[in-house]
Number of protein chains: 2
Amino acid sequence: MSSLRNSKQRDAVLQNLSERYDHPTAEEVYISVKKVIPSVSLATVYRNLKLLESEGMILKITTPDSDRFDGHTHEHYHFTCNSCKRVLDLELSDGISVNTLPKNFGGTITGHELMFYGLCESCNKI
Amino acid sequence: MSSLRNSKQRDAVLQNLSERYDHPTAEEVYISVKKVIPSVSLATVYRNLKLLESEGMILKITTPDSDRFDGHTHEHYHFTCNSCKRVLDLELSDGISVNTLPKNFGGTITGHELMFYGLCESCNKI
DNA sequence: ATTGATAATGATAATCATTATCGTTAACGT
DNA sequence: ACGTTAACGATAATGATTATCATTATCAAT
């Protein structure tokens with residue numbers, strides 16, 4: 001069977017994401033990785049982001065505005081500013097209700113969306 | 001200032017969404033509305049979905065696979081099947097923890113993502 | 001009812017993020 | 001080293017969404 005080979009491009013993508021906390025887009029990761037490996041291709045960044053996500057090493061965060069990536073995979077939540085579109089981390093204390101909005105946060109929260117993932121009943125049976 | 005005028009195309013979009021619970025894509029809404037107004041344009045469906053969402057009359061649900069629409073705006077949550085990509089409603093009892101997964105559900109839940117929306121601290125000040 | 005202003009439409013071109021293709025390069029087991 | 005093939009860089013293709021624009025429909029004022 002095929003297995004993963006080492007790739008400095010993939011290492012650079014993963015390292016960049018592990019160093020930052022601003023939830024960059026694929027394009028923004030590309031710009032950063034280019035500073036370390038100037039010859040890197042945008043397609044390679046997309047390829048490795050997808051691969052790393054499928055391996056569970058990074059998270060893809062889908063917002064209404066853009067897809068973003070997060071190198072920190074511990075359980076935590078996110079906030080999107082409707083104005084500047086930035087994505088911030090929100091750490092909720094364990095067991096907090098989704099109806100109890102975080103207090104230690106200078107912004108204003110006007111809504112939230114909770115999405116569960118898994119297998120539906122019919123796909124479960126297959 | 002400008003104000004909204006009546007439009008049977010917009011009414012048809014809104015009515016279609018209010019009748020269904022399957023969280024259709026824009027294309028799927030278009031197919032349905034076309035059965036009522038055969039001359040309707042896909043662009044008109046997109047325009048009205050955006051307009052209705054900005055008016056708070058429908059919800060846009062962004063999933064990793066596609067954007068979907070929901071005509072039912074009361075607070076509730078969603079489940080995306082990783083296999084068939086369907087989006088289902090999940091009603092959580094009030095105050096339930098995000099760590100307590102719903103029981104009345106035939107599928108398997110493997111993860112979840114919680115996104116808050118609003119204004120960040122710096123945009124708040126503007 | 002008619003008119004005038006303009007919101008809304010239908011058709012389609014343009015945009016843009018992402019993916020596919022393909023010839024070349026590089027990782028690594030033998 | 002060598003051969004196999006995963007991974008790459010470059011770029012074309014794709015597909016969902018948005019922009020454009022000439023035409024039509026809404027509706028307040030006459």
Novice: Among residues at least two apart in sequence or on other chains, which ones pass side-chain hydrogen bond (donor to acceptor under 3.5 Å, both in side chains) with A/Asn82?
Specialist: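 side-chain hydrogen bond (donor to acceptor under 3.5 Å, both in side chains) check on A/Asn82 returns nothing, list empty.
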Novice: Kindly write out the residues that satisfy side chain to side chain contact (heavy atoms under 4.5 Å, CB included) with B/Ser122, not counting sequence neighbours, or none if the list is empty.
Specialist: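 Applying side chain to side chain contact (heavy atoms under 4.5 Å, CB included) to B/Ser122 gives A/Arg86, B/Cys120.
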Novice: Report yes if at least one side-chain N or O of A/Thr44 is closer than 4.0 Å to OP1 or OP2 of D/dG9; otherwise report no.
Specialist: yes
Novice: Hey, what bend do you get for the helix from C/dA1-D/dT30 to C/dT30-D/dA1 if you fit axes on five pairs at each end, rounded to 10°?
Specialist: 40°
Novice: What is the per-nucleotide protein-contact pattern of nucleotides 18-30 of chain C, from the 5' end, where B denotes a base atom under 4.0 Å from a protein heavy atom, S denotes such proximity for sugar-phosphate atoms only, and - denotes neither?
Specialist: SBBB----BBS--
Novice: At a cut-off of 3.5 Å, list every protein nitrogen or oxygen paired with a nitrogen or oxygen from nucleotides 13-15 of chain C, distance to 0.1 Å.
Specialist:
none

Novice: List in chain and number order the residues that pass side-chain hydrogen bond (donor to acceptor under 3.5 Å, both in side chains) with A/Asp11, two or more places apart in sequence or in another chain; answer none if no residue qualifies.
Specialist: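 For A/Asp11 there are no side-chain hydrogen bond (donor to acceptor under 3.5 Å, both in side chains) partners, ignoring immediate neighbours.
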Novice: According to side-chain hydrogen bond (donor to acceptor under 3.5 Å, both in side chains), who are the partners of B/Asn124, at least two apart in sequence or on a separate chain?
Specialist: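 Counting only residues at least two positions away or on another chain, B/Asn124 forms a side-chain hydrogen bond (donor to acceptor under 3.5 Å, both in side chains) with A/Thr108.
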Novice: Which residue pairs satisfy the salt bridge (Lys or Arg N to Asp or Glu O under 4.0 Å) criterion with at least one member in residues 26-48 of chain A, sequence neighbours excluded?
Specialist: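 Checked against salt bridge (Lys or Arg N to Asp or Glu O under 4.0 Å) - neighbours excluded - no pair reaches residues 26-48 of chain A.
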Novice: Considering residues at least two apart in sequence or located in another chain, which fulfil the side-chain hydrogen bond (donor to acceptor under 3.5 Å, both in side chains) criterion with B/Arg5?
Specialist: none
Novice: Other than B/Tyr117, which residues form its hydrophobic cluster under the rule that side-chain heavy atoms must be closer than 4.5 Å?
Specialist: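 Noted: B/Tyr117 shares its cluster with A/Ile61, B/Met115.
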Novice: When Ile, Leu, Val, Met, Phe, Trp and Tyr are grouped by side-chain heavy atoms lying under 4.5 Å apart, directly or through other members, which residues fall in the same group as A/Val36?
Specialist: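 Answer for A/Val36: A/Val13, A/Leu14, A/Leu17, A/Val29, A/Tyr30, A/Val33, A/Ile37, A/Val40, A/Leu42, A/Val45, A/Tyr46, A/Leu49, A/Leu52, A/Met57, A/Ile58, A/Phe69.
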Novice: Show me the pairs that pass salt bridge (Lys or Arg N to Asp or Glu O under 4.0 Å) and involve residues 48-60 of chain A, at least two apart or across chains.
Specialist: A/Lys60-A/Asp67
